[in-house]
Amino acid sequence: MGRFILALDQGTTSSRAIVFDRAGTIKAIAQQEFPQIFPQSGWVEHDPEAIWSSQAQVVVDALAQANLSAGDIAALGITNQRETTIVWDRDTGEAIANGIVWQDRRTAQFIDGLKAQDLGETFRSKTGLVLDAYFSGSKLAWLLDNVPGAREKAEAGKLAFGTVDCWLVYKLTGGKVHATDMSNACRTLMFNIRTLDWDDDILQILNIPRSLLPEIKSCSEIYGETDADLFGSAIPIAGIAGDQQAATFGQSCFETGQGKNTYGTGCFMVMNTGKSPMESKNQLLTTVAWKRDGITDYALEGSIFVAGSLVQWLRDGLGIIKTASDVEALAESVPDTGDVYLVPALTGLGAPHWDQYARGAIVGISRGTTAGHIARAALEGIAFQVADVVKAMESDSGIPLTELRVDGGATANNLLLQIQADILGVPVVRPKITETTALGAAFFAGLAVGYWSSPDEITELWQEERRFEPTMDAEERNRRLARWQKAVGRSQSWVDA
Ligand code: ADP
């Protein structure tokens, strides 16, 4: 057996490949950004070929960096940006249009139409999801209705749909395998979380031919192998999980009640809720955590659309920082926000508010407000959104949060994590390996081929790097949370439907 596991981490802004050893240590990491396409306000697209070529290139780069050949790799695991919707032609293997990215809001009115037919409860009980343009179903319907000739081809069985994992498996296997895993399938708005299959009633409502859809597999099994021509020799593809579920696995949240929060482009809090789906009364999503060894674990998830991307906006939109990491020093240049609140609703609000028509707001600006105050308010805005989700999760699960395990690119920011601990009133814990998303994918692949023997072995690999203890008193915390709620109110229903 090969001595290493390779994780392919196909994120919203970049593709990465990471080589792990048995101790979960990173041996090599290669990363490539790819273009974000914004054709109109509220639209976000990716070129599927750019996703694929960047992902294939970083595999080559990572192997070269570690001085390895494909034969040294026991298996590869895939983790990916979820919900992003790609349709390709089965004959040519080419995408029929750009992929519609999870952040894209173009189907908001289509979703309103479903809500107007009182279908919210049908979708919630079958899929565990809230009706929102976020998920793949409405995006797929849009492509079929708007790309010339797509619907006829789909009816004739000539097209294939996939989320990014599925697209990568298709490309990696040279077009041999059209399959996805349950953690991705359950984010499409077409998957029934109780029958664990595509739901025919929903396919009918959305007018999606079943022939488009991939086969649904577990998160940890051999799906196929990479085309030998790609990387020198064939590598078994043995793990697939959506990025947030993979991070939850990579953080060893195997027990009911354990959870993590990831600070990447968006923020995603996921809590393992055990072997049956738990309904949310607070607008959280009920989702499959993973299926492994024939057993399905479920989770509650709070999805926040804008977190790290708010920092990108400070950099690219406002130009008040040069690199994302500059935000920490700028925010530290002031002792507080000067009562400025920033609601990061740049693409609407996700959990627990779910307002497609909210937009970002900066309130409380006065003559003395500086870039430092805005930067600090941005970090607080990210942390307040997380606090709203934590409150909803505690209320749904009846389990009070005792500490928050965190990961993702923005957790390099110590000030952000200190603010988070202060606003939550519980410690925030950063692990030694913050590449937990890729690690989760590696674990799924490694478990499938016997590289690791059991999750217990994995639990032992988790190590704390730093713990941020809360220092704010409850009175101040509550005062700020109340101001935040007022600011959220200002951002809601801003765009006319
Ligand atoms: P994704 O997987 O969603 O592409 P990552 O986990 O790689 O995201 O994190 C990248 C995000 O983190 C970017 O949006 C970036 O702006 C943000 N980020 C990176 N470093 C920092 C920092 N020091 N402080 C705040 N945000 C940061």
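Nothing fancy with the numbering, it's 1 onward along the sequence. Since this is a predicted model, take the numbers as computed values, not measurements. In each ligand, atom 1 is the first atom listed, and ligand 1 is the first ligand listed.
- More than 12 heavy atoms of other shown residues, nucleotides or ligands fall within 6.0 angstrom of atom CZ in R477.
- On a distance-only criterion, G409 and ligand 1 share at least one N/O pair closer than 3.5 Å.
- Using a 4.0 Å cutoff on heavy atoms, S309 counts as a contact of ligand 1.
- For the ligand labelled ligand 1, residue E328 lies outside the 4.0 Å heavy-atom shell.
- Residue contacts with ligand 1 do not include L416, since none of its heavy atoms lies under 4.0 Å from the ligand.
- Heavy atoms of other residues, nucleotides or ligands lying less than 6.0 angstrom from CH2 of W354 number more than 12.
- Ligand-side atoms of ligand 1 in range of V311: 16 (O), 25 (C), 26 (N), range being under 4.0 angstrom from any heavy atom.
- Contacts between V327 and ligand 1 below 4.0 angstrom, taking non-hydrogen atoms only, involve the side chain exclusively.
- Contact check on E45 versus R106 returns a salt bridge, with a Lys/Arg side-chain nitrogen under 4.0 Å from an Asp/Glu carboxylate oxygen.
- In terms of protein heavy atoms, atom 1 (P) of ligand 1 is closest to T265 OG1, 3.5 Å.
- Evaluation of the side chain to side chain donor-acceptor pair (under 3.5 Å) rule for E403 yields R467 as partners, not counting sequence neighbours.
- Partner of F444 under the ring pair (Phe, Tyr, Trp, His ring centres under 6.0 Å) criterion, out of F249, Y223, F20, Y451: F249 alone.
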